[in-house]
Structures are given as structure tokens and as C-alpha cells.
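Since the structure comes first, as C-alpha cells, the remarks are kept for the end.
All residue numbers refer to positions in the sequence shown, counting from 1.
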Amino acid sequence: MPDPILREGINNEVGRERSKRRWRVARRVFLLIALMVGAIFLVGVWEESSLRFGQWQVQNFANDLKKAQDDDYRRAMADTYGGKTPQETLRMYIDAVEKGDYEMASRYFVLSKQETELESLQSSPRKNVENIVKLLKESVQSPGGYSFDKREYVIHDPLLVDFIVYPNGIWKIIEI
């Protein structure tokens with residue numbers, strides 16, 4: 001039979017090992033819980049910052065869009081080349097082309113198409129330009145139609161000619 005003092009020492013040693021094991025398990029559980037709470041917190045912070053960043057991007061985009069609209073409006077208001085009616089604008093365009101003033105003719109187009117139209121006129125053979133002018137003279141006499149809001153006008157025959165009215169009341173050619 002083992003000595004009672006020895007048995008008590010063994011029991012104390014086993015008790016201490018169990019106690020240490022419990023503390024290690026408790027520390028690991030606590031650390032795991034702390035890591036999970038920290039991760040949840042970080043995910044929340046990340047999502048909140050991502051949301052705020054997204055809102056900031058949307059706001060910047062909206063501001064840029066508003067600025068571009070304001071710039072376009074100012075340029076449109078300053079652009080006075082064109083007539084008070086679609087037909088008047090088309091006649092002005094035809095006159096400029098017949099005179100060979102392609103730069104002036106291109107100004108009767110909407111701002112975004114002026115450069116393209118100038119290049120097209122300059123690079124087209126004179127015979128093609130004369131044929132187009134002939135057809136456009138017929139188009140001036142053809143009935144067209146206004147859009148529902150009266151901001152666009154289209155002539156369909158013999159050539160399709162599309163117009164838009166600028167905020168200053170001047171009609172511009174969108175497309176021929």
C-alpha cells in the first residue's frame with residue numbers, strides 16, 4: 001500500500017495538472033472567442049468603410065455629372081450658330097456647304113459632332129458633297145415631324161435629317 005503522504009502528493013500533482021489543463025482550455029476558448037469578436041468587429045468596420053467609400057464614389061460621380069451637365073448647358077447657351085427653326089438651320093448649312101465654307105457648315109451641328117462633320121466634308125469628293133446638297137434642298141421642302149416634347153424634329157425624305165433645339169432656342173443638326 002502506498003504511503004498516505006505520497007498518495008496525497010500524487011493527488012495534488014494530478015489536481016494541479018487538471019487545473020492547468022482547464023486553464024489552458026479556458027484561455028484557448030477565451031482567445032478563440034476574442035478572435036471571433038475581433039473578426040466580427042473588423043468585418044463590421046470593413047463593411048462600414050466600404051459602404052462609406054461607395055457613397056463617396058457615388059457622390060463624386062453625381063458631382064462630376066452635374067458639373068458636366070452645367071458645362072454642356074453653358075456651351076450650348078453660348079453656341080448661337082443655327083436657325084430659329086429646323087428648316088432655317090438646314091438652309092444655313094446648305095448655303096455654307098455650297099460656298100465651300102465647311103468650317104461654318106460644321107457649326108450647324110450639335111457640339112459633339114462638329115469636328116466629325118468638318119472632317120467628313122473636307123475628305124469627301126466634291127461630287128458627293130454636291131449630290132448630298134441636292135438631296136438636302138429637297139429635304140428642306142419635305143414635311144418633317146416634331147417629337148412629343150417639341151425638342152426634336154426629323155425629316156425623313158429624301159434624306160434623314162435629325163435636329164434638336166438647344167436651350168437658347170437655336171436648332172442644331174444631330175445627324176444627316
F109 side chain reached by L118 side chain, heavy atoms, under 4.5 Å
no
Under 4.5 Å between side-chain heavy atoms, counting indirect links through other Ile/Leu/Val/Met/Phe/Trp/Tyr residues: same cluster for I174 and I176 or not?
no
Nearest-0.5 Å distance that lies between atom CG in N60 and atom CD in Q55
12.0 Å
Where do K66 and D70 land on the salt bridge (charged side-chain N to carboxylate O under 4.0 Å, His left out) test, with the steps shown first?
CA-CA 6 Å; K66 175 78 170 110; D70 291 345; 3.0 Å; yes
Using the rule that two of Ile, Leu, Val, Met, Phe, Trp, Tyr join whenever any of their side-chain heavy atoms come within less than 4.5 Å, decide whether V154 and Y93 are in one cluster.
no
If I take atom CD from residue Q141 and atom CG from residue L90, how far apart are they, to the nearest 0.5 angstrom?
10.0 Å
I40 CD1 to L35 CG distance, which is reported to the nearest 0.5 Å:
11.0 Å
Measure across P86 and Y146 and return the closest heavy-atom pair with its distance rounded to 0.1 Å.
CD-OH, 4.0 Å
Of all heavy-atom pairs linking N168 and M77, the shortest is ND2-O, 3.2 Å
D72/R75 salt bridge by N-O under 4.0 Å criterion:
yes
If you group Ile, Leu, Val, Met, Phe, Trp and Tyr by side-chain heavy-atom gaps below 4.5 Å, do V45 and M36 land in one group?
no
Go through the steps for K137 and K134 under the test side chain to side chain contact (heavy atoms under 4.5 Å, CB included), then give the verdict.
CA-CA 5 Å; K137 286 181 177 180; K134 181 181 174 225; 5.9 Å; no
Please list all pairs meeting side-chain hydrogen bond (donor to acceptor under 3.5 Å, both in side chains) that have one or both residues in residues 102-112, counting only residues at least two apart or in different chains.
Y81-R107, Y102-R126, E103-R107
Could you state the interatomic distance from CG (L159) to OG (S139), rounded to the nearest 0.5 Å?
4.5 Å
Between L51 and E47, does the side chain to side chain contact (heavy atoms under 4.5 Å, CB included) criterion hold? Intermediate values first, please.
CA-CA 6 Å; L51 179 64; E47 287 178 354; over 6 Å; no
In Å, rounded to the nearest 0.5 Å, how long is the span from OG of S120 to CG of N128?
9.5 Å
Cluster link I164 to Y153, ILVMFWY, side chain under 4.5 Å
no
Rounded to the nearest 0.5 angstrom, the CD-CD1 distance for E117 and I173 is 7.5 Å
Minimal heavy-atom distance between D157 and S142, with the atoms involved, is O-OG, 2.6 Å
Using only atom types and a distance under 3.5 Å, with no angle test, would you say the side chain of Y166 pairs donor to acceptor with the backbone of K172?
no
Determine whether L111 and I170 fall in the same hydrophobic cluster, where Ile, Leu, Val, Met, Phe, Trp and Tyr are linked whenever their side-chain heavy atoms lie under 4.5 Å apart.
no
Determine, stepwise, if the pair N63 / K67 fulfils side chain to side chain contact (heavy atoms under 4.5 Å, CB included).
CA-CA 6 Å; N63 291 342; K67 184 178 179 226; over 6 Å; no
Check this for me: E115, atom CD, are more than 12 non-hydrogen atoms of other residues, nucleotides or ligands nearer than 6.0 Å?
no
I94 versus V140, closest heavy-atom pair with distance
CD1-CG2, 3.8 Å
Parallel, tilted or perpendicular, as decided by the 30° and 60° cut-offs, for the rings of W171 and F163
perpendicular
CA sep, side-chain torsions, deciding dist, call: D71, R74, salt bridge (charged side-chain N to carboxylate O under 4.0 Å, His left out)
CA-CA 5 Å; D71 290 346; R74 276 193 292 282; 2.5 Å; yes
Looking only at heavy atoms, what is the nearest atom pair of M92 and G83, with distance?
SD-N, 3.7 Å
Determine whether S49 and F53 satisfy the following criterion, side chain to side chain contact (heavy atoms under 4.5 Å, CB included), listing intermediate values before the conclusion.
CA-CA 6 Å; S49 65; F53 182 70; over 6 Å; no
